Amino acid sequence: MAAAEAAQTGGLAAGVCWDLSDLYASPDDPRIEADLAQAQAAAQRFAERHRGGVARLSADALALALTELEALGELAGRPASYAQLLFAADTSVPRHGALLQRVQERASEIRNTLVFFELEWVGLDDAVARALIEAPALATRRHFLESMRRYRPHVLAENEEQLIEDLANTGRRAFSRLFDELVAALRFQVTHAGETRELGEEEVLAHLYAPDRELRREAARALTQGLRSNARPLAFIFNTLVQDKAVDDRLRRFETPWASRHLANEIDAASVDALLAACTARYPLVARYYRLKARLLGLPRLEDFDRYAPIAEKGNTRSWDEARASVEAAYRDFSPELADVTSAFFRRRWIDAELREGKRGGAFCASTLPSVHPYVLLNYTGNQRDVMTLAHELGHGVHQSLAAPRGLFEQDTPLTLAETASVFGEMLVFRRLLREESDPEVRLALLCGKIEDAFATVFRQVAMTRFEQTLHAARRAEGELAIPRVNELWLEANRPMFGDSVALSDDYGWWWLYIPHFVHSPFYCYAYAFGELLVLALLRRYDEEGAAFVPRYLELLRAGGSDTPERLLSRVGLEIGDPGFWDGGLSLLEGLVAQAEALAGD
Ligand SMILES: [Zn+2]
């Protein structure tokens, strides 16, 4: 089926769309307004009772106040979750955008009413705070209370916090939304085999995985062309948000552009630097693999659009049902309990997988609220990578589901642990597919696919982090950046990774323009490298310990964000503070490349 036609009919996952009625019936559901109003009134009452008095609360009273806050957060979070999901499902409907905006504005009012609480808590003397944190009545709130206080040097006065919050709706958040709308509306003209088609971002990117080299070349050209012709507004958004961050960092006294992310991730700069350095030192492994890939494809050297070319043409497309069966079976092999959690996503329609115009690109799993359940969005085109994406997002889904009993404040982990269950799920599915496959050619293709995914998760994300580091530094030193300057920074960050193994064209210089992480969450990307290498270390534990590992792993997932990543991981025997830690996972990746070389040698 032609891709354009597939898009109209929903593609291979046609009809697989989520049911948001567990949140609300429709954007006009009167309960949306009712919940917002109730949350606002509850916030007001809470403020009347506690404003100016947090320092005088006993442990019991503080425990009660937190329970109230949590209930209030659930109430206010429901419309927010719904509006975000509705908008992601179809960004082109104006009332979806309008609802999102309305809900964000109301959420800001509520946040502003309550911000005093955090500021007063953070402002308490250490000794007083410590006594409360250690009180038995607050045992289940301990990490939440403790971790809030890490912002002590960075919070502002109440009226300043309120001002920033209000202005974000017409500033940072508005630009972020504009980016989503622009990218979702992009159309790329692909001319192939005498036919010209208009494709969305997801479909044009999917063609980079096509066996036909001319189609890949044309998809790359079309992608560049589409990005170039929209570069002005997109680059303007980038420049604005990078500067917005610089201002926020200045006001909040963060010394580097990445410091706030490290703090949010509950990780110190030294650990991240050790991760980045360990990965950068292994860049030659990337070149080694792409030289092998060039040989397998019969090319003297790869062009940038050859990076994702499939190694074998067969076994490349999977129906939605096949993908579902593979993923469920792989989870079941590992743990029936995990598999049961994933099954609910399919049965109860918590997944949106079909291709639709106006739908957001990429994939995500939204935890929504502990009292509801997570929702998964992906754009299923049927290649092996999409199967992995499904496994990945369901990994997030099981993690969030298992951690839901921790409640609103401790369900979600910092980003550093957020990619653990997702990448682990991918590895489970990969191993099962490899085990079931007897054809050596397809096995090699699977292995190469996994290597490429792992490289995309480790080395590519490290290169992206390097790019962001230089981008933010350049904006602070040089003022608003011209597009060619950003293109240059993008190429400079990517070239060392490929060495001479892949020719990066000037066209490739434009490809930073569509990457949402740079817009939505600066310095997110290293968390992927962190997650992948962590998972390789966990897999090694699993291989060593067998079934005994499973309950400990589930315990890690159930813990959610109830402690620092370092302490949670230490409970499963991983010491991320150890500077040599990252080399363990990187060596496993090298092993995969050696395995592919051996298979290719025959
Ligand atoms: Zn993820």
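Quick caveat: nothing in here was measured; it's all calculated off a predicted structure. Numbering of ligands and ligand atoms starts at 1, following listing order.
Distances shorter than 2.8 Å separate the Zn ion (ligand 1) from the protein N/O/S atoms His392 NE2, His396 NE2, Glu419 OE1, Glu419 OE2.
When only modelled atom types and interatomic distance are considered, His143 and Ser562 share no side-chain donor-acceptor pair under 3.5 Å. Remark: the Asp340 side chain and the Ser343 side chain contain no N/O donor-acceptor pair separated by less than 3.5 Å. Side-chain atoms of Thr256 and Arg261 form no donor-acceptor pair, as typed in the model, at a separation below 3.5 Å. For the 3.5 Å distance criterion, the side chains of Asp386 and Thr381 qualify, holding a donor opposite an acceptor.
For Tyr331, the ring-ring contact (aromatic ring centres under 6.0 Å, His included) criterion is met by no residue, not counting sequence neighbours.
With respect to the salt-bridge test (charged N to carboxylate O, under 4.0 angstrom), the residues Glu452 and Lys293 qualify.
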